[in-house]
2 protein chains.
Amino acid sequence: MKVNDNGIYIDGIDKKILRALMEDARTPILEIARHVGISGAAIHQRLKKLEKSGLLAGSKFIINPKVLGYTTMAFVGVYLDKAISNPEAVKQLQKIPEVIECHYTTGNWSIFIKILTKDNEHLMHVLNSEIQSIKGVSRTETFISLQQQINRQIKI
Amino acid sequence: MKVNDNGIYIDGIDKKILRALMEDARTPILEIARHVGISGAAIHQRLKKLEKSGLLAGSKFIINPKVLGYTTMAFVGVYLDKAISNPEAVKQLQKIPEVIECHYTTGNWSIFIKILTKDNEHLMHVLNSEIQSIKGVSRTETFISLQQQINRQIKI
DNA sequence: TTGAAAACACAAAAATTTTCGATATTTTTT
DNA sequence: AAAAAATATCGAAAATTTTTGTGTTTTCAA
């Protein structure tokens with residue numbers, strides 16, 4: 001019981017620590033300690049180890065876009081013609097703040113992105129004025145997310 | 001200079017605070033204070049306000065799935081036949097840990113999901129044994145993300 | 001069974017967060 | 001325009017949390 005295929009072994013205590021912090025990165029170590037039944041120092045030590053292993057990739061404050069009026073999420077499949085390279089297109093997409101994810105995918109599209117806009121009008125503007133105007137983008141297919149029903153990280 | 005359409009006004013200092021914490025939820029208040037030029041107590045008070053406004057939706061530790069061997073991300077468009085209701089399908093999808101996002105979308109599919117698996121074999125298993133076996137799922141279309149090139153939150 | 005390494009506990013030290021009263025600033029009311 | 005009220009900030013103290021030593025216990029492999 002030392003390492004798994006990927007170089008790190010996570011036991012039940014590690015899992016409890018991770019689950020608590022994945023839920024709320026501000027959970028005090030001592031609270032976790034009380035919950036799992038070992039000392040705070042031991043938790044701390046385990047966290048260092050998890051961090052060193054690379055499993056812990058950092059922490060983020062999550063903001064609620066709706067409060068800022070961003071209520072429309074959409075997925076967009078982008079067709080690129082051969083004129084433009086994928087990295088060049090991504091570079092352009094980086095500049096569009098509404099683009100929050102970008103994937104290089106198999107299948108119909110060259111690029112698949114997730115975008116967040118205030119409303120349909122804003123969405124239309126991003127599609128027509130921002131994305132379509134990138135050199136090499138020939139066509140797009142848009143799917144609006146009417147509701148996001150699941151949003152979570154990998155299960156530990 | 002009080003509120004915007006959505007009930008909250010975020011000034012430049014708030015933005016700096018948020019940007020720091022969105023990047024790393026563990027950034028010390030005093031470090032932010034030094035950076036923006038007001039006292040730690042003031043930062044603290046602003047954070048309380050941002051929290052109360054609902055803009056701050058919490059914090060999360062981010063784990064790197066690759067370290068656990070999860071290297072394959074895919075998007076799946078799911079066709080449902082009328083026999084099953086959307087909520088019922090979502091309920092079933094909830095039980096599949098590999099499903100990390102689920103959207104109710106416009107367009108071809110009824111449901112659009114993001115899944116994370118160890119490899120293609122694992123992906124195939126989730127598709128064939130888990131998702132296809134949900135009552136009412138008639139067909140799926142899968143797009144594998146060969147590389148995720150952008151992953152960020154809304155720009156503040 | 002033994003020895004080394006890893007995990008742990010306890011307690012002190014360091015760092016961070018939270019609170020609080022006093023000003024100061026801004027906004028609203030009169 | 002002045003007065004009143006509401007907000008925001010500050011500095012310092014208090015409370016909490018994290019981090020660091022040191023020594024003990026546990027684990028595991030030889």
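Throughout, protein chains are lettered first and strands after them, A, B, ... in sequence-line order, and every chain is numbered starting at 1.
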### Query
Do any side-chain nitrogens or oxygens of A:R46 fall under 4.0 Å of OP1 or OP2 in C:dC8?
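So the side chain of A:R46 is within the cut-off, an N or O lying under 4.0 Å from OP1 or OP2 of C:dC8.
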### Query
Does a nitrogen or oxygen in the side chain of A:H44 sit under 4.0 Å from OP1 or OP2 of D:dT19?
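Yes, such a contact exists.
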#### Entry: Centroid-centroid distance, B:F61 to A:F61, less than 6.0 Å
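No; A:F61 has its ring centre 6.0 Å or more from that of B:F61.
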### Task
Verify whether the ring centers belonging to B:F143 and A:H103 lie closer than 6.0 Å.
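No - the distance between ring centres of B:F143 and A:H103 does not fall below the 6.0 Å cut-off.
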Identify whether any heavy atom of [X] sits under 4.0 Å from a base atom; if not, whether one sits that close to sugar-phosphate; answer base, sugar-phosphate or nothing.
{"X": "A:A41", "value": "base"}
{"X": "A:K48", "value": "nothing"}
{"X": "A:L30", "value": "base"}

Tell me the interatomic distance from [X], atom [atom1], to [N], atom [atom2], rounded to whole angstroms.
{"X": "B:I29", "N": "C:dT17", "atom1": "CD1", "atom2": "P", "value": "5 Å"}
{"X": "A:I17", "N": "D:dT17", "atom1": "CD1", "atom2": "P", "value": "17 Å"}
{"X": "B:I38", "N": "C:dT25", "atom1": "CD1", "atom2": "P", "value": "14 Å"}
{"X": "A:I13", "N": "C:dA7", "atom1": "CD1", "atom2": "C1'", "value": "9 Å"}
{"X": "B:K49", "N": "D:dT9", "atom1": "NZ", "atom2": "C1'", "value": "12 Å"}
{"X": "A:D14", "N": "C:dA6", "atom1": "CG", "atom2": "P", "value": "15 Å"}
{"X": "A:Q45", "N": "D:dT22", "atom1": "CD", "atom2": "P", "value": "15 Å"}
{"X": "B:D11", "N": "C:dT26", "atom1": "CG", "atom2": "P", "value": "12 Å"}

### Query
Without hydrogens or angle criteria, can the side chains of A:H122 and A:T117 be said to hold a donor-acceptor pair below 3.5 Å?
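A:H122 vs A:T117: no donor-acceptor pair found between side chains.
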### Query
For B:E141 and A:N108, does a side-chain donor sit closer than 3.5 Å to a side-chain acceptor?
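There is no such pair between these side chains.
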### Query
More 5' along DNA chain C: A:R26 or A:S39, using each one's nearest nucleotide?
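Nearer the 5' end of the strand: A:S39.
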### Message
Using heavy-atom distances to pick each residue's nearest nucleotide on DNA chain D, tell me which of B:G40 and A:E31 is more 5'.
### Response
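Residue closer to the 5' terminus by nearest nucleotide: B:G40.
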### Task
Find the distance between CG (B:L116) and OG (B:S145) and round it off to the nearest 0.5 Å.
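The CG atom of B:L116 sits 10.0 Å away from the OG atom of B:S145.
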